[in-house]
Amino acid sequence: ISIGLGPFARSESEQSAAKQLARCEFLSVRDETSMRYCQNWGLEQASLHSDFGYASSLWGADLPGLKNSSPPYRVGIIVRDWYRTEEGFRHLAASMELAASLEKRGHKPTFFIFDGFGDTTCRRTVQSSSFSNVIWNPNRLSISDQLNELAACDVLVTSRAHGAIVGSALGIPAICTVIEPKLRIMAETLEDAAVGWESPFEVADGVELVEATLDCLDDRRRAAQDVSAKHAESAHLSADELADYLQRVA
């Protein structure tokens, strides 16, 4: 459900993925690149639908209202421990420098950690800094509370795809920190609601992307709402297909 596939560094990895997914009776992938893999592997059961994260009605929490924006703008920065790429190593330090530069320009940066248990390096780094931070721990922070914290942001700089996905459903434009190819795919998928911050993550480039987004914030917000609504319809189709499948096999 809502699977993203590739890229594969070794042919053995691709063969392993193909073998595992061939065992799935129900298979829904979230982007065209993943669908091409399934087609190449002969997985005729695969369907292409948007990620469940776009469909706020599936979250089990009410959608917060869109805030009225005015300076100082709150910039949410979502970082993660990701050591499979050189970009993953580099983005945390660059994100900290970006936050410092944005603060000097009068903005209010807030760091978000989506995995309070696994993102240990990022958690220690942001908690030892002077920046405000929100650490996701489902035992302490409800989904509604987490959504309210995200909804208080005017723009999100995110190294997690679901930061951009959930942000778009909240009407928040994103700057995708491209630490792996799916973040570039995400920036393209969200059309005018997102742009990519590419390696080597020059701070000046990041600041320029944030300021450009804030300069046309109303237009970017409308784009986020429009594109997320389109993807939410597709996500609901996937949910309906899953429900039908489960009903058949129950």
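Source: prediction; values computed, not measured.
No side-chain heavy atom of Val178 sits under 4.5 Å from any side-chain heavy atom of Glu87. Residues Leu147 and Val166 have side chains in contact (heavy-atom distance under 4.5 Å, counting atoms from C-beta outward). A 4.5 Å side-chain heavy-atom check between Phe26 and Val249 finds every atom pair outside the cut-off.
Residues Asp154 and Lys67 are paired through a salt bridge, judged by an N-O separation under 4.0 Å between the basic side chain and the carboxylate. Ion pairing of Arg248 with Glu25 is absent here, as no side-chain N (NZ or NE/NH1/NH2) approaches a carboxylate O to less than 4.0 Å.
A distance of 9.5 Å separates CD1 in Ile78 from SG in Cys176, rounded to the nearest 0.5 Å. Rounding to the nearest 0.5 Å gives a distance of 11.0 Å between CG of Leu242 and CD of Gln247. With rounding to the nearest 0.5 Å, the separation of CD1 in Ile179 from CZ in Arg90 is 11.5 Å. The line from CZ of Arg30 to OG1 of Thr189 is 9.0 Å long, rounded to the nearest 0.5 Å. Atoms CG and CG, on Leu92 and Asp81 in that order, are 7.5 Å from each other to the nearest 0.5 Å. Once rounded to the nearest 0.5 Å, the distance linking OG of Ser95 with CZ of Phe131 reads 10.5 Å.
Under the ring pair (Phe, Tyr, Trp, His ring centres under 6.0 Å) test applied with Tyr54, the options His236, His231, His162 reduce to a single match, His231.
Taking the six-membered ring where tryptophan is involved, the planes of Tyr73 and His107 are tilted, since the angle between them lies from 30° to 60°. Ring geometry for Tyr37 versus Trp41: interplanar angle of 30 to 60°, hence tilted.
Summarising the local packing, CG of Asp192 is surrounded by 12 or fewer heavy atoms from other residues, nucleotides or ligands at distances under 6.0 Å. Within 6.0 Å of CD on Gln127 lie more than 12 heavy atoms contributed by other residues, nucleotides or ligands. Applying the 6.0 Å contact sphere to CD of Gln45 captures more than 12 heavy atoms from other residues, nucleotides or ligands. Counting non-hydrogen atoms of other residues, nucleotides and ligands closer than 6.0 Å to CD of Glu208 gives a total of 12 or fewer.
Using modelled atom types, one side-chain atom of Trp197 and one backbone atom of Glu202 make a donor-acceptor pair closer than 3.5 Å. Checked by atom type and distance alone, the side chain of Ser168 never pairs as donor or acceptor with a backbone atom of Ser228 at under 3.5 Å. Although no hydrogens or angles enter the test, the distance criterion places no donor-acceptor pair under 3.5 Å between the side chain of Asp119 and the main chain of Cys122. In this structure a side-chain-to-backbone donor-acceptor pair under 3.5 Å is present from Ser34 to Leu5. Panel note: side chain Thr213, backbone Leu209; a donor-acceptor pair is recorded below 3.5 Å.
No hydrogens or angles considered: nothing links the side chains of Ser159 and Arg80 as a donor-acceptor pair under 3.5 Å. For Glu241 and Ser28, the side-chain atoms include no donor-acceptor pair closer than 3.5 Å.
In this structure, Leu237 is not a member of the same hydrophobic cluster as Val227, with clusters built from ILVMFWY side-chain heavy atoms closer than 4.5 Å. Hydrophobic clustering of Ile, Leu, Val, Met, Phe, Trp and Tyr side chains at less than 4.5 Å, counting indirect connections, unites Leu183 with Val195. Phe111 and Leu156 are not part of a single hydrophobic cluster, where members link through side-chain heavy atoms under 4.5 Å apart. Linking Ile, Leu, Val, Met, Phe, Trp and Tyr whenever their side-chain heavy atoms come within less than 4.5 Å leaves Val134 and Leu102 in two separate clusters.
Across all their heavy atoms, Arg221 and Gly171 have their closest contact at CG-O, 3.3 Å.
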Inset, instruction - Determine, stepwise, if the pair Leu21 / Ile3 fulfils side-chain contact (heavy atoms from CB on, under 4.5 Å). - result: CA-CA 10 Å; Leu21 291 174; Ile3 289 176; 4.1 Å; yes
Legend entry - Worked verdict on Val157 versus Thr177 for side-chain contact (heavy atoms from CB on, under 4.5 Å): CA-CA 7 Å; Val157 180; Thr177 308; 3.5 Å; yes
